[in-house]
Colleague: 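Right, I'll just put the structure down here and ask away after.
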Amino acid sequence: MAFRTFVGWPLGLISSRARRISAALVLLPLCTLATVGPASAQQHASEAAGIHQTVRGTNDTWWKHAVIYEIYPRSFQDSNGDGIGDLNGITQRLDYLKDLGIDAIWITPMYPSPQVDFGYDIADYTAIDPQYGTMADFDRLMKEAKARDIRVIMDFVPNHTSDQHPWFIESRSSRTNPKRDWYIWRDGKGPGQPPNNWLSWFGHSAWRFDAKTGQFYYHHFYPEQPDLNWRNPEVRKAMYNVLRFWLDRGVAGFRLDAVSRLFEDPNLHDDPLLPGTNAYGDQNIEHKYTDNLPEVHEVLREIRQVVDAYPGNPVLISEADEPNISELTKMYGSKLDEIQLPMDFQVADVNQRCAACFRELIDQIDDNPVGGQPYFFFNNHDQDRTWDRYGDGVHNDAIARLLAALLLTTRATPQLYYGEEIGMVTTPPTRKEDVKDPIGKIGWPKEKGRDGERTPMQWDASTNAGFTASPTPWLPIPTSYKQRNVAIEKEDPDSLLNFYKQLIRLRRNQPALRNGQQTSVDCHDSDVLSYLRKNPASGESVLIVLNLSNQSKKVAFDLKHLGINGASAKPLLTHPKSSPTQIPLNAVPLSPFSTLVAAVE
Ligand code: GLC
């Protein structure tokens, strides 16, 4: 399949993000032949300020070394035959995750919910939706995960609740209800006219009229997801208690959903108009007055204080689809007192096999001025799988390995999404009547929604891929399951699954990959992405060379300025498999889309 654009998310928003990213790429300098040297002045300043941060890449906090795996519980494993995945299903598959080398799982919401946004519309933050199990099932999952040294990270959705949450039911009951101010209620501009032009991320006006009290409420996402009012101290208190509830049950941290959307301009200025229309037919706007308001950072600091009061270094991961490095850097907090791991959407969404693009972005985040730990991922439940976004339709398996190597050999904390390790493909619905994700109904056919990347995990070649005993899984099983499944790939030493496993083991066991500093090399090559990881203590070094092009190449490396004087590299992992035990550094042969991970001295 040819390159597909990023269709898993509203088109207008994505293209504006892509525009901002490419602008950044033009403006920023290409990597230089920097040497791996002592900590920067900035780091010394951080240390002097009492920030617990050692030389980059050497701090031993668990989340710097963890391989994190995102689970969409509805689609991972069904244990009770109702066609929907559940918590006991996850527990059943922990041995698989352990064997893969996973250190922590992030489970997307499994709280009680009407499931309009498949769990991101929460009706009770401190319970389990019966379709996913019980609190006893959750506790058992925690216990079994702990027995395998796997941490559990919860999804925390602070921006909005379900319209079925008791808080909102109270809030909408009258203008004088004590919970009225827990949400954003405003008068319309005139009869039938919303307060301003703000648009929902999911299409059309972000305001919904509520006839009972004659006012509009604000919803950044679906109308069934009213936004909480984070300027109300009672809301903050209640939400921080939600965090404590789960921390008390032993969770290792949270992935914070849509955090940049917590605040809106209190003066309700109209957003600036942009040319063109989005997938839903609305005039495009810049979400200037509803996204990334400075108060977000005050809340992030407060959330950090809540989790920091618990032992074991709980982690905060933010969904931060920030447009450039300076916005992304802000997520860490100027004193590293906000988010430890802001997701780097810029790297995830390069959406081209472009060595220069990756190099720029990787170097920028590696060199972020506050010394924050980078966090990379390529797949998640909101966007087309990389198989389709990066594949060329012919070499998809080799390209998947290039991305796996990139994900698992930089110093960024890596996150996988279930199924990427076996090469699952995006399988969007072909008929509007089959669509489950509401944005696919609103935006059809331009926007088909996110069902395509949420199809059930492919465990084996039996009926319904071993996901469920029900004849009707909640989403259809992609036809690729007969060849691409865990059971088959487990037995094949050359499978993508075993390639991921080997990479994860290398990451864990090679001191250079575990703790090494990172330097881009061969900076002007537009086809081949290469970088060196070097352990500052032992000097052990690993060179990663990724040929992102469909051309055979021969590349030469001179790494003396990085303290590498040896003339050859010893392959640790390659694709395609290669036999030489040593490769001369002055003539490294690379076949199209090949991966080389090699020790150098
Ligand atoms: C986040 C989630 C997405 C959800 C949205 C609204 O972006 O990743 O799945 O629809 O927030 O909660």
Side-chain angles (χ1 to χ4, degrees), residues 25 28-44 53-59 64-65 325 329 344 346-347 350 354-376 402 405-414 503 506-507 510-548 555-573 583 585-586 588 590 595-601:
L25 287 175
L28 288 157
L30 282 172
C31 78
T32 59
L33 295 178
T35 53
V36 175
S40 66
Q42 186 89 35
Q43 281 170 275
H44 289 308
Q53 177 82 14
T54 57
V55 174
R56 278 196 188 133
T58 63
N59 191 314
K64 289 200 168 178
H65 299 296
I325 184 67
T329 301
D344 193 332
Q346 294 192 91
V347 168
V350 165
C354 165
C357 306
F358 281 120
R359 189 180 298 122
E360 288 286 359
L361 293 171
I362 291 169
D363 285 353
Q364 283 174 18
I365 188 70
D366 185 54
D367 202 31
N368 70 81
V370 293
Q373 168 71 7
Y375 185 83
F376 291 167
L402 283 168
L406 177 53
L407 182 67
L408 291 159
T409 58
T410 74
R411 76 173 187 88
T413 302
L503 279 167
L506 270 181
R507 181 178 182 88
Q510 275 287 332
L513 292 180
R514 182 176 166 79
N515 271 329
Q517 295 163 325
Q518 179 179 309
T519 310
S520 285
V521 294
D522 218 4
C523 295
H524 301 291
D525 195 318
S526 55
D527 291 331
V528 181
L529 178 66
S530 310
Y531 44 93
L532 184 81
R533 301 288 313 278
K534 181 170 189 173
N535 185 291
S538 64
E540 282 157 288
S541 302
V542 170
L543 177 68
I544 296 97
V545 184
L546 307 173
N547 181 6
L548 297 179
V555 284
F557 293 100
D558 178 355
L559 305 175
K560 292 199 184 62
H561 63 291
L562 298 172
I564 306 298
N565 296 310
S568 60
K570 181 172 166 245
L572 300 170
L573 184 62
I583 301 177
L585 277 175
N586 61 4
V588 177
L590 299 170
T595 299
L596 168 67
V597 181
V600 288
E601 324 182 314

Colleague: Within the structure provided, determine whether Arg514 and Asn535 are in side-chain contact (heavy-atom separation under 4.5 Å).
Modeller: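 No. Closest side-chain heavy atoms not under 4.5 Å.
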Colleague: Can you measure from CZ (Phe358) to CG (Leu548) and round to the nearest 0.5 angstrom?
Modeller: 6.5 Å
Colleague: As an exercise, state the distance from OG1 of Thr595 to CG of Leu503, rounded to the nearest 0.5 Å.
Modeller: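 The distance works out to 8.0 Å.
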Colleague: Taking atom CG of Asp366 and atom CZ of Arg359, what is their separation to the nearest 0.5 Å?
Modeller: 14.0 Å
Colleague: Could you verify whether a donor N or O on one side chain and an acceptor N or O on the other, from Ser520 and Asp363, lie under 3.5 Å apart?
Modeller: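 On atom types as modelled, these side chains qualify, holding a pair under 3.5 Å.
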Colleague: Going through the distances and angles, do Leu406 and Phe376 end up as a side-chain contact (heavy atoms from CB on, under 4.5 Å)?
Modeller: CA-CA 9 Å; Leu406 177 53; Phe376 291 167; 5.7 Å; no
Colleague: Do Gln518 and Thr410 have side-chain heavy atoms sitting under 4.5 Å apart?
Modeller: yes
Colleague: Do the non-hydrogen side-chain atoms of Arg411 and Gln517 ever get within less than 4.5 Å of each other?
Modeller: no
Colleague: Does a side-chain heavy-atom distance below 4.5 Å link Leu572 with Gln510?
Modeller: yes
Colleague: With a 4.5 Å cut-off on side-chain heavy atoms, are Val347 and Tyr375 touching?
Modeller: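 When only atoms from C-beta onward are counted, Val347 and Tyr375 do not touch, as no gap falls below 4.5 Å.
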Colleague: To the nearest 0.5 Å, tell me how far Ile544 CD1 sits from Ser530 OG.
Modeller: 9.0 Å
Colleague: Going by heavy atoms in the side chains, are Phe557 and Ile564 under 4.5 Å from each other?
Modeller: no
Colleague: Could you pull out the closest heavy-atom pair between Pro536 and Gly516, with the gap in Å?
Modeller: CD-CA, 4.3 Å
Colleague: Within the side chain of Ser568, is there an N or O that forms a donor-acceptor pair under 3.5 Å with the backbone of Gly566?
Modeller: no
Colleague: Do Ile583 and Leu596 touch side chain to side chain, with heavy atoms closer than 4.5 Å?
Modeller: yes
Colleague: Of the non-hydrogen atoms in Ile325 and Gln346, which two are nearest, and what is the gap between them?
Modeller: N-NE2, 3.6 Å
Colleague: Kindly say whether Asp525 contributes a backbone atom to a donor-acceptor pair with the side chain of Asp522 at under 3.5 angstrom?
Modeller: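 Not a single qualifying donor-acceptor pair exists.
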Colleague: Is there a side-chain contact between Leu543 and Val588 in this structure, where contact means two heavy atoms from C-beta onward sitting under 4.5 Å apart?
Modeller: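 No, every pair of side-chain atoms sits at 4.5 Å or beyond.
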Colleague: Atom CG in Asn547, atom CG in Asp527: separation rounded to 0.5 Å?
Modeller: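 These two atoms lie 6.5 Å from each other.
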Colleague: Between Arg533 (side chain) and Glu540 (backbone), is there a donor-acceptor pair under 3.5 Å?
Modeller: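 Looks like no, no N/O pair under 3.5 Å.
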Colleague: Let me confirm one number: the OG1-CG distance from Thr413 to Leu407, rounded to the nearest 0.5 Å.
Modeller: 10.5 Å
